[in-house]
Amino acid sequence: MRKKFYVTTPIYYVNDIPHIGHTCTTVVADIIARYHKLLGEEVFFLTGTDEHGAKVAEAAKEKDLSPQEFCDQVSKNFQEIWLKLNIEYDYFIRTTNPNHEKIVQEIIQKIYENGDIYKAKYEGLYCVGCEKFITEGELVNGRCPLHPNEDVQKQSEENYFFKLSKYVPQLIKAVENPKDKFHYQISPQSKKEEVLSKLRAGVPDLSISRANVPWGIPIPWDKSQTIYVWVDALINYYSALKINKKEDFWPANLHFLAKDILWFHAVIWEAILISAKISLPKEVFVHSFYMIDGQKMSKSLRNVISPQELLEKFGVDGTRYLIAASFPYDNDSDVGWGKFTKKYNADLANGLGNLVSRVATLASRTESTYKISNIKITDKKFKKYQRFLEKYQSNDALAFIWEKISQADKYIDSHHPWNLKGNELEKVLQPLVEEIQEIAFLLKPFIPETAEKIEKQFAGPKIKSAKPLFPRL
Ligand code: MSP
């Protein structure tokens with residue numbers, strides 16, 4: 001039986017149109033999914049949209065649409081842009097899917113019957129932008145630091161609470177001890193430590209229903225309340241498999257996301273699963289953020305970069321490359337139009353594109369009787385590349401490939417093949433042709449269309465020169 005690999009992205013809020021932040025997570029998750037396919041594994045890759053809650057309802061109202069009409073429109077934007085970017089997802093989940101809604105209700109009912117839900121008065125503050133309860137201590141100038149243009153809401157209502165605090169000791173053990181029966185990995189290490197120290201400081205129970213947010217899934221035993229949007233959203237990772245009759249992919253191998261939603265994915269989700277007696281995901285990987293020319297990306301700064309604009313300028317593989325090469329692994333990563341253009345020209349138009357076209361032009365002058373060896377991704381010589389991709393360091397995996405490109409360039413410069421002909425030229429070109437085939441192979445998860453083009457061009461029998469892969473900008 002083939003090994004299974006189940007990877008997910010966050011499901012994005014439909015109050016926003018897709019931007020480079022969503023694109024970053026989705027593209028790199030796609031690269032990981034494709035890498036696991038290359039390893040011969042059976043992969044299920046999930047993405048989707050998060051469609052309930054106050055924030056979405058407000059955005060719909062502003063557009064004079066019903067929440068459902070609004071969700072249908074925006075969700076489509078996400079589906080379409082991912083297809084354009086060659087994201088090979090297996091399923092696109094929407095939380096307004098009635099099957100998802102039913103599964104969420106079943107899980108909440110089960111937790112209720114287990115005695116982990118009670119009714120109490122919630123008094124405090126709520127940030128609609130975050131869809132999150134917020135404490136006085138977290139406020140900056142009386143507002144949520146992430147949403148400084150919005151008022152926080154004062155709330156005082158009867159809610160249903162989930163006994164999150166009860167699970168804290170179990171969660172600490174599960175994160176710390178790889179042998180624990182609930183063990184799950186939080187990576188990178190810095191994020192694991194952050195979660196542990198917050199857990200050790202103590203965690204209150206969580207309000208999991210809302211009395212005044214009609215755009216949500218009703219609490220099964222009390223239709224006057226709806227389920228808190230985050231609880232509804234997290235369950236997508238599980239419901240998507242049930243909907244597709246792919247339960248055998250559970251537990252997820254990897255939830256891929258960024259630091260803004262670490263707590264929900266590394267604590268709340270696992271507590272819900274333990275309570276519902278469902279096994280826990282194996283790993284939660286948390287990346288950092290893109291900054292745009294040194295600043296936070298925001299509508300008010302008008303510096304939001306959309307995947308559509310990236311596609312228009314750099315093409316599908318240009319965009320995929322630039323994202324993967326600037327991936328904010330453990331620290332925020334600074335990007336922008338200027339940096340992207342420079343990198344595109346240096347690495348793609350010059351580096352890769354130039355090497356391929358130089359070698360193809362030289363080879364086209366020969367009989368092209370090059371031998372082609374079988375390339376295996378698990379080959380020892382690609383060990384570093386494998387290790388980087390196992391840790392989701394897409395930028396380092398690319399650096400490994402670009403080192404090969406630069407070695408090949410040096411080889412050409414020192415062998416002066418342009419002075420050679422016939423047999424002699426073929427002899428000098430043979431290792432280069434093989435090297436380019438290896439490079440194309442390793443590029444498959446990253447820039448699949450380009451990798452295929454190069455493979456075809458160098459598969460022979462006759463190697464021909466072709467249009468530049470990446471026109472200079
Ligand atoms: N709907 C919730 C997720 C529910 S998952 C069960 C949500 N949606 S979101 O639309 O706000 O997406 C947040 C995610 O978008 C981040 O975790 C990250 O994956 C991505 N990014 C948003 N801004 C980003 C950057 N500036 N840089 C990199 N990724 C960012 O939260």
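Both ligands and their constituent atoms are indexed starting at 1 by order of listing.
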Quiz item: Heavy atom of Lys296 under 4.0 Å from ligand 1?
Solution: no
Practice problem: Ignoring hydrogens and angles, state whether a donor on the side chain of Glu51 or Thr96 is under 3.5 Å from an acceptor on the partner side chain. | Solution: yes
Quiz item: Between Ile292, Ile93, Ile261, Ile11, which one has a non-hydrogen atom sitting closest to atom 2 (C) of ligand 1?
Solution: Ile11
Quiz item: Which part of His19 is near ligand 1, with near meaning a heavy atom under 4.0 Å away: side chain, backbone, both or neither?
Solution: side chain
Quiz prompt | Side chain, backbone, both or neither: Ile20 near ligand 1, heavy atoms under 4.0 Å | solution = neither
Quiz item: Can the positive tip of Lys4 be found less than 6.0 Å from the middle of the six-membered ring of Phe249, inside 45° of the ring normal?
Solution: yes
Quiz item: What part of Phe264 sits under 4.0 Å from ligand 1 if we count only heavy atoms: the side chain, the backbone, both or neither?
Solution: neither
Quiz prompt | Flag for Glu131-Tyr13: side-chain donor and acceptor within less than 3.5 Å | solution = no
Quiz prompt | Donor + acceptor pair across side chains of His265, Tyr237 (<3.5 Å) | solution = yes
Quiz item: Judging by distance only, is a nitrogen or oxygen of Asp260 under 3.5 angstrom from one on ligand 1?
Solution: yes
Quiz item: Hey, does Gly21 come in under 3.5 Å of ligand 1, counting only N/O atoms on both sides?
Solution: yes
Quiz item: Got the closest protein heavy atom to atom 8 (N) of ligand 1, with its distance?
Solution: Tyr13 CD1, 3.3 Å
Quiz item: Residues in ring pair (Phe, Tyr, Trp, His ring centres under 6.0 Å) with Tyr12, at least two apart?
Solution: His22, Phe78
Exercise. Examine the proximity of ligand 1 to Lys259 and report which part, side chain or backbone, both or neither, has a heavy atom under 4.0 Å away.
Key: neither
Quiz prompt | Parallel, tilted or perpendicular: ring planes of Tyr112 versus Tyr160, cut at 30 and 60 degrees | solution = perpendicular
